[in-house]
**Student:** 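This is the structure I want to talk about, given as structure tokens.
Along the sequence shown, residues carry numbers from 1.
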Amino acid sequence: MMKFSYSCLIICLLMSSNIMAQYQPKDFSPTDLQKAHQWVEKTYQSLSQDEKLGQLFIVALYTNKGENEINNVRNIVINDKIGGLILMQDDAAREINLVNEFQQKSKVPLMIGMDAEWGLFQRIATAHKFPWAMTLGAIQDKNLIYQMAAKIAEDCHRMGINWDFAPVVDVNTNPNNPIIGNRSFGSEVSNVISSALAYSNGLQDHHILAAIKHFPGHGDTDTDSHLDLPVVSHDLDRLNNIELAPFKALMNKGIGGVMVAHLYVPHLESGKGIPASVSKNIITNLLKDKLGYKGLIITDALNMGAVANKYKPGELDAMAFKAGNDIMLFSQGVSEGKRLIQKALDDGEITPSRLEESVKKILLTKYFLGLEKYTPKSPENINYDLNNDSHKDLAQSLYSNALTLIKDNKNLLPLSESQIYYVPLEEAPYQAFANELGKDIIMKKANEINSIPARSTVIIGLHKDNSTAYKPYKISLESKNIISRLAKKQKVILTVFGSAYALKDIDISPISTVLISYENNDDSMISTAKALKGETKIWGRLPVLVNDQLKTGMGIDLVPKTTMSNTSESSKVFTTSK
């Protein structure tokens with residue numbers, strides 16, 4: 001008992017000296033925590049000033065930009081003694097070999113991060129794609145999101161990745177948002193919070209750090225911050241109730257990182273045009289002091305046009321650190337940034353304790369993630385390990401559970417008629433959907449619809465290009481005209497393989513049945529076809545406000561045929577709220 005009390009006392013003393021971290025493994029004992037702080041203190045004392053400064057920087061590693069680019073990163077790792085890397089495109093085996101090499105060359109283990117919001121596929125094309133956040137936002141069983149994040153964590157471990165820069169907790173209230181959109185769980189704060197918490201826990205329960213982003217809220221913007229500086233001009237009441245709300249709700253949930261956006265928010269920062277990512281008012285005064293966040297604070301990528309077009313490399317890094325960030329992500333000027341931060345220390349603009357706080361927080365998180373005993377990863381069979389049946393089955397389950405039935409006025413689902421027509425529209429592939437529907441479905445191209453007999457059941461598939469999360473969702477005038485023509489004479493099942501916002505300016509009143517699948521890929525199309533045939537349940541809910549008729553929370557439950565045959569109750573449950 002005395003030994004336990006002594007350990008607790010040591011821990012309290014250590015934590016009172018600003019060695020704090022938001023994330024801590026759930027299975028850590030008081031003894032484990034004591035060892036962690038001892039490792040941090042010993043490691044910190046062994047570092048030169050230059051090495052301490054190096055811990056503040058993460059640079060990008062690409063394998064598709066040639067050997068000169070890789071050598072440049074190699075030199076930065078060795079000479080600038082940086083704290084971590086963010087893995088970008090695109091060769092998984094090569095990245096593993098390089099991470100193994102760079103870890104061996106580093107005195108302090110590197111933190112390896114990746115943008116893997118929808119899995120490692122976001123950066124590695126041979127990995128399996130999981131649904132975008134907007135699709136996940138339609139899912140009612142949030143444990144499925146947890147399972148997806150746990151699988152992403154498994155893939156991260158396989159690659160030697162420690163930090164997934166996810167999830168996005170921006171509340172997407174602007175259908176014209178060019179950069180968030182599909183990456184948001186939706187336009188309802190409570191759904192964003194519950195979905196993001198499931199995602200974060202799925203990562204961190206499996207020892208991969210999460211980072212909620214993009215503080216203080218990127219959901220209502222119409223400018224891409226990769227290109228220019230967006231402005232969020234809402235008043236404080238609106239910011240507190242919408243933009244800031246998910247961050248405030250998740251702050252005390254043990255989430256290890258917050259990523260700060262390149263946004264100008266006049267009601268939070270009085271200095272004209274100052275991005276949040278370099279704003280002391282927003283990072284130190286609001287995020288750290290007022291909201292009390294103790295985890296790692298990291299900038300959004302510093303090569304993005306919103307800030308890179310305005311500030312010089314190095315100068316930008318120093319401004320970001322002085323504002324309160326612990327880590328500068330995607331730094332374009334490590335050596336100059338270190339020099340300017342040291343100058344600020346020498347000039348008294350930054351206190352030595354401020355540097356100590358960030359470095360020890362970084363070191364403690366590295367220990368919590370197991371980096372004090374880094375084990376090299378093997379590149380053998382990596383593409384299979386990142387893309388196999390376990391990924392496919394989970395992805396199809398997620399898409400199946402997201403399917404949202406908006407209306408089914410003529411009870412056309414599940415499909416029961418012997419002769420059903422299928423008309424694919426828009427620009428993207430549709431063959432996986434047609435194949436899963438089966439050979440009895442009669443496919444007609446847009447120029448063949450006049451040959452469809454009147455009062456037939458016709459499935460219209462709006463197949464939007466989903467090759468990236470940022471593709472336009474709007475439906476062409478030609479497709480709208482075809483939908484209108486068919487709806488006058490046929491019993492139409494409109495299936496949207498794309499964003500729910502695609503329905504924003506489509507009159508669905510004459511259409512019997514409308515189903516939203518959210519994305520156009522093989523997993524989504526196969527899942528949709530199975531649901532239409534009555535093989536799986538439909539029970540997703542609309543995660544975004546589309547227009548006055550299509551509101552957040554809309555959806556109809558439709559049970560599978562096997563369930564319908566075993567019950568006398570109605571197969572459909574209509575609801576407009578979660």
Side-chain angles (χ1 to χ4, degrees), residues 56-57 170-171 174 177 179-180 212-245 247-248 251 258-293 296-333 336-351 353-355 357-358:
L56 309 175
F57 296 86
D170 302 318
V171 183
N174 187 341
N177 196 321
I179 195 61
I180 304 302
I212 51 177
K213 61 186 185 184
H214 306 81
F215 187 83
H218 210 316
D220 188 13
T221 59
D222 54 16
T223 300
D224 182 351
S225 51
H226 291 85
L227 306 175
D228 205 348
L229 183 67
V231 178
V232 178
S233 56
H234 294 302
D235 62 24
L236 289 175
D237 283 345
R238 155 71 192 228
L239 291 170
N240 279 310
N241 290 328
I242 305 294
E243 277 73 18
L244 289 169
F247 294 96
K248 292 192 292 184
M251 288 290 173
V258 167
M259 181 178 287
V260 185
H262 306 311
L263 301 167
Y264 173 44
V265 190
H267 283 88
L268 298 178
E269 170 53 67
S270 57
K272 186 173 176 60
I274 295 178
S277 52
V278 294
S279 165
K280 188 172 183 179
N281 286 328
I282 291 174
I283 300 171
T284 297
N285 298 348
L286 176 58
L287 179 57
K288 295 175 73 173
D289 295 344
K290 186 173 181 179
L291 299 180
Y293 185 68
L296 289 176
I297 301 171
I298 184 169
T299 68
D300 205 346
L302 294 181
N303 71 324
M304 292 166 62
V307 288
N309 295 340
K310 189 173 183 179
Y311 306 105
K312 296 177 182 177
E315 172 190 319
L316 177 58
D317 300 75
M319 291 173 63
F321 184 70
K322 285 189 279 187
N325 292 286
D326 299 302
I327 298 174
M328 278 58 74
L329 178 65
F330 223 117
S331 174
Q332 304 291 287
E336 178 66 4
K338 288 166 71 176
R339 186 187 72 80
L340 290 174
I341 292 171
Q342 185 57 53
K343 184 177 185 301
L345 283 162
D346 294 340
D347 293 345
E349 293 180 54
I350 306 171
T351 64
S353 62
R354 166 76 180 85
L355 177 64
E357 173 195 336
S358 288

**Student:** Side-chain contact test, heavy atoms from C-beta onward, threshold under 4.5 Å: evaluate it for Leu286 versus Asn281 and give yes or no.
**Tutor:**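 Not in contact.
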**Student:** Please answer whether the main-chain N or O of Glu349 pairs with a side-chain N or O of Arg354 as donor and acceptor at a distance below 3.5 Å.
**Tutor:**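 Such a contact is absent between Arg354 side chain and Glu349 backbone.
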**Student:** Supply the atom-to-atom distance Met319 CE to Ile341 CD1, rounded to the nearest 0.5 angstrom.
**Tutor:**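 It comes to 12.0 Å.
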**Student:** How long is the straight-line distance from NZ of Lys338 back to CG of Leu56, given to the nearest 0.5 Å?
**Tutor:**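 That separation rounds to 9.0 Å.
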**Student:** Which heavy-atom pair separates Ile179 from Thr223 by the least distance, and what is that distance?
**Tutor:**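 Closest pair (atom of Ile179, atom of Thr223, distance): CG2-O, 4.4 Å.
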**Student:** Any non-hydrogen side-chain atom of Val307 less than 4.5 Å from a side-chain atom of Ser277?
**Tutor:**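 Yes, at least one pair of side-chain atoms sits under 4.5 Å.
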**Student:** Under 3.5 Å, side chain of Ser279 to main-chain N/O of Glu269, donor-acceptor pair present?
**Tutor:**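 Such a contact is absent between Ser279 side chain and Glu269 backbone.
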**Student:** Are Phe57 and Met328 close enough that some pair of their side-chain heavy atoms sits under 4.5 Å apart?
**Tutor:**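 Contact flag for Phe57/Met328 side chains = yes.
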**Student:** Is there a donor-acceptor contact under 3.5 Å linking the side chains of Ser225 and His262?
**Tutor:**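 The answer is no; no qualifying pair exists.
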**Student:** Please report the interatomic distance CG(Leu229) to CD1(Ile274), rounded to the nearest 0.5 Å.
**Tutor:**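 Here the rounded value is 10.5 Å.
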**Student:** Given side chains that start at C-beta, do those of Leu236 and Leu268 come closer than 4.5 Å, heavy atoms only?
**Tutor:**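 With C-beta onward as the side chain, the pair touches.
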**Student:** Between Glu336 and Arg339, does at least one N-O distance fall below 4.0 Å, as a salt bridge requires?
**Tutor:**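 Yes, this pair counts.
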**Student:** Side chains of Met259 and Ile212: does their closest heavy-atom pair fall under 4.5 Å?
**Tutor:**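 No, side chains not in contact.
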**Student:** Measure across Asn325 and Ser358 and return the closest heavy-atom pair with its distance rounded to 0.1 Å.
**Tutor:**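 The pair with the smallest heavy-atom distance is O-OG, 4.3 Å.
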**Student:** Kindly indicate, with the supporting measurements, whether the criterion side chain to side chain contact (heavy atoms under 4.5 Å, CB included) is fulfilled by Thr299 and Phe330.
**Tutor:** CA-CA 9 Å; Thr299 68; Phe330 223 117; over 6 Å; no
**Student:** Roughly how far, to the nearest 0.5 Å, is CG of Leu244 from CZ of Arg238?
**Tutor:**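 Rounded to the nearest 0.5 Å, the CZ-CG separation comes out at 10.5 Å.
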**Student:** Glu357 vs Lys288, test: side chain to side chain contact (heavy atoms under 4.5 Å, CB included). Steps then yes/no.
**Tutor:** CA-CA 12 Å; Glu357 173 195 336; Lys288 295 175 73 173; 3.2 Å; yes
**Student:** When you look at His218 and Leu263, which way does the side chain to side chain contact (heavy atoms under 4.5 Å, CB included) test go after all the steps?
**Tutor:** CA-CA 7 Å; His218 210 316; Leu263 301 167; 3.7 Å; yes
**Student:** Looking at every heavy atom in both Asp170 and Gly217, which two are closest together, and how far apart are they?
**Tutor:**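 Taking Asp170 first and Gly217 second, the nearest heavy atoms are OD1-CA, 3.6 Å.
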**Student:** Between Val260 and Ile298, is there a side-chain heavy-atom distance shorter than 4.5 Å?
**Tutor:**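 Side-chain contact under 4.5 Å: no.
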**Student:** Measure across Met251 and Tyr293 and return the closest heavy-atom pair with its distance rounded to 0.1 Å.
**Tutor:**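 Looks like SD-CD1, 3.4 Å.
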**Student:** Using 0.5 Å steps for rounding, measure from the CG atom of Leu302 to the CG atom of Leu316.
**Tutor:**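 The CG atom of Leu302 sits 4.5 Å away from the CG atom of Leu316.
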**Student:** Quick one: does Phe215's side chain get under 4.5 Å of Ile297's, heavy atoms only?
**Tutor:**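 When only atoms from C-beta onward are counted, Ile297 and Phe215 do not touch, as no gap falls below 4.5 Å.
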**Student:** Restricting to non-hydrogen atoms, name the atom on Ile283 and the atom on Val278 that form the minimum distance, rounded to 0.1 Å.
**Tutor:**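 Looking at all heavy atoms of both residues, the closest pair is CD1-N, 4.4 Å.
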**Student:** Answer yes or no: is there a side-chain heavy-atom contact under 4.5 Å between Ile282 and Leu287?
**Tutor:**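 Heavy-atom side-chain distance check fails, nothing below 4.5 Å.
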**Student:** Looking only at non-hydrogen atoms, find the nearest pair between Lys322 and Ile350 and report the distance.
**Tutor:**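 The answer is CG-CD1, 3.3 Å.
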**Student:** Walk me through it: do Thr221 and Val232 pass the test side chain to side chain contact (heavy atoms under 4.5 Å, CB included)?
**Tutor:** CA-CA 7 Å; Thr221 59; Val232 178; 3.7 Å; yes
**Student:** So, Glu243 side chain and Asn241 main chain: donor-acceptor pair closer than 3.5 Å or not?
**Tutor:**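 Side chain of Glu243 to backbone of Asn241, a donor-acceptor pair under 3.5 Å: no, none is there.
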**Student:** By salt bridge (Lys or Arg N to Asp or Glu O under 4.0 Å), which residues pair with Asp347, not counting sequence neighbours?
**Tutor:**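 With sequence neighbours excluded, Asp347 shows a salt bridge (Lys or Arg N to Asp or Glu O under 4.0 Å) to Lys343, given in chain and number order.
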**Student:** Please, which pairs that meet side-chain hydrogen bond (donor to acceptor under 3.5 Å, both in side chains) have at least one residue in residues 300-318, sequence neighbours excluded?
**Tutor:**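 Listed by first then second residue: Asp317-Ser331.
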**Student:** For Ser353 and Thr351, which I'm curious about, is there any donor-acceptor pair between the side chains at under 3.5 Å?
**Tutor:**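 Per modelled atom types, Ser353 and Thr351 side chains form a pair under 3.5 Å.
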